[in-house]
Protein chains: 2
Amino acid sequence: MRWSEIGEEACSVARTVSVIGDRWTLLILRDGFLGIRRFDDFQARLGVTRHILADRLRKLVAAGVLAKTRYEDRPARYDYRLTPKGLALHPVLLALVHWGDTHMADGKGRPLVLRHKGCGCDFTPVTVCSRCAEPIAARDVRVRPGPGARRAV
Amino acid sequence: MRWSEIGEEACSVARTVSVIGDRWTLLILRDGFLGIRRFDDFQARLGVTRHILADRLRKLVAAGVLAKTRYEDRPARYDYRLTPKGLALHPVLLALVHWGDTHMADGKGRPLVLRHKGCGCDFTPVTVCSRCAEPIAARDVRVRPGPGARRAV
DNA sequence: CCTCTTGAGTTCCAAAACAGAACTCACATA
DNA sequence: TATGTGAGTTCTGTTTTGGAACTCAAGAGG
């Protein structure tokens, strides 16, 4: 199967992966959430080649995750900022950060500390059930085919 | 920068991406959470070429996300199952599924429905603050360098 | 005994993606 | 006129994929 085909699968993970399932794309999003907007800033922070960066930004814009806006005329200058669809990826990034902090630590402590403005405390993200608000573990979830399924699980 | 170097960054996202930031790896994990364990089952479901699958499974085992166990002797047969470290990726997968359901839907409804055994209801995952239990939005989070940081954010 | 099947891979080749560096283009400043 | 900046594109050679066939060990069928 080709990369270009996986977005057509009847699976939300496959569709999501078709948009963000790339090392550079995930790092671009990380920097996007940290406030990076300009081409050269992404390039300098990521160390990605300019060619690949241009390609990934184009794809993220096409997917509606980033919006390219002209922030200056003469000379024309553009930046890339997260759309509402892009901002909705925040839980994904929080989950990645938390897993990395917990399972890929190097003994020097967390590279970043997250503070919740709502309560003023440093926090870690917790995934809970939308119905009962209890934390969810892998064993607590039963999966079954939904209306959009094409095959049995 | 090469793929092999990004795991050394002082960033939990980069370290996490160095392990799971690959289209096939994420789909392997998806199937792992759905109970797939054997080489040929992964291959048939994913449509990935066998040597890429062998490579990704090897890397996931090396990273401690999957464990390769002999489930039969004579002939020797092995399977791959999630370790506790791998099971800890569950929130990442839930976040990916939820984003795909919400933002990549094709109008046919959700491919999978998740039921929480704890309360017996179909649910969606919600990311909340570990301190105040309120849902977290991107705008509610302030990020600052932690003890493991190597540079200012 | 000989062939077929299953599970878990490995090997080979061509096609695609990538890294690194240099180059373009439009304007701005010294 | 020379230098710099932002946002890319082009060129070249190396890696990584995709696709298909092949290996190996053992059990099953005839």
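The separation between B/Ile52 atom CD1 and D/dA20 atom P is 15 Å, rounded to whole Å. Computed from coordinates, the A/Ile6 CD1 to D/dG18 C1' distance equals 14 Å when rounded to whole Å. Distance CG (A/Leu53) to P (C/dG20): 14 Å, rounded to an integer number of Å. C/dG20 atom P lies 11 Å from atom CD of A/Gln43, rounded to whole Å. Spacing between atom CG of A/Asp22 and atom P of C/dA16 amounts to 18 Å, rounded to whole angstrom units. Atom C1' of nucleotide C/dC18 and atom NZ of A/Lys59 are separated by 12 Å, given to the nearest angstrom. The nearest whole Å value for the distance from the CD atom in B/Glu5 to the C1' atom in C/dG20 is 13 Å. In this structure, B/Arg74 places its CZ atom 18 Å from C1' of C/dA8, rounding to the nearest Å.
Of the two residues contacting DNA chain C, namely A/Glu72 and A/Val48, the nearest-nucleotide position lying further toward the 5' end is that of A/Val48.
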Using side chain to side chain contact (heavy atoms under 4.5 Å, CB included), reason through B/Leu87 and A/Arg139 one step at a time and then give a plain yes or no. CA-CA 9 Å; B/Leu87 287 169; A/Arg139 309 255 183 236; 3.6 Å; yes
Check against side chain to side chain contact (heavy atoms under 4.5 Å, CB included), B/His90 and A/Asp140: CA-CA 11 Å; B/His90 197 241; A/Asp140 299 334; over 6 Å; no
Decide yes or no on salt bridge (charged side-chain N to carboxylate O under 4.0 Å, His left out) for B/Asp40 and B/Arg77, but give the supporting numbers first. CA-CA 11 Å; B/Asp40 278 22; B/Arg77 291 291 145 80; over 6 Å; no
After noting the C-alpha distance and the side-chain angles of A/Tyr80 and A/Leu60, does the key distance pass the side chain to side chain contact (heavy atoms under 4.5 Å, CB included) rule? CA-CA 10 Å; A/Tyr80 297 88; A/Leu60 285 171; over 6 Å; no
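Residue-level contact check: A/Arg70 touches neither bases nor backbone, having no heavy atom under 4.0 Å from any strand.
In terms of phosphate contacts, A/Trp24 brings no side-chain nitrogen or oxygen within less than 4.0 Å of OP1 or OP2 of C/dA17.
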Output one line per pair: protein atom, nucleotide atom from nucleotides 6-8 of chain D, and distance, for all N/O pairs under 3.5 Å.
from: D/dG6; atom 1: O4'; to: A/Arg77; atom 2: NE; distance (Å): 3.3
from: D/dG6; atom 1: O4'; to: A/Arg77; atom 2: NH1; distance (Å): 3.0
from: D/dA7; atom 1: OP1; to: A/Tyr71; atom 2: OH; distance (Å): 3.3
from: D/dA7; atom 1: OP1; to: A/Tyr78; atom 2: N; distance (Å): 3.4
from: D/dA7; atom 1: OP1; to: A/Tyr78; atom 2: O; distance (Å): 2.3
from: D/dA7; atom 1: OP2; to: A/Phe39; atom 2: N; distance (Å): 3.3
from: D/dA7; atom 1: N7; to: A/Arg50; atom 2: NH2; distance (Å): 3.0
from: D/dG8; atom 1: OP1; to: A/Lys68; atom 2: NZ; distance (Å): 2.9
from: D/dG8; atom 1: OP2; to: A/Tyr80; atom 2: OH; distance (Å): 2.5
from: D/dG8; atom 1: N7; to: A/Arg50; atom 2: NE; distance (Å): 2.7
from: D/dG8; atom 1: N7; to: A/Arg50; atom 2: NH2; distance (Å): 2.8
from: D/dG8; atom 1: O6; to: A/Arg50; atom 2: NE; distance (Å): 3.2

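Of the candidate nucleotides D/dT17, C/dC27, C/dA19, C/dC27 has the atom lying nearest to any side-chain atom of A/Pro75. Distances were taken from every side-chain heavy atom of B/His51 (C-beta onward) to each of C/dT11, D/dT10, C/dC18; the shortest belongs to C/dT11.
In A/Arg37, the CZ atom is crowded: over 12 heavy atoms of neighbouring residues, nucleotides or ligands sit closer than 6.0 Å. With a 6.0 Å radius and a threshold of 12 heavy atoms from other residues, nucleotides or ligands, B/Arg70 has its CZ atom above the threshold.
Residue A/Ile28 is tested with A/Val65, A/Ile36, A/Leu46 for a side chain to side chain contact (heavy atoms under 4.5 Å, CB included); the sole match is A/Leu46.
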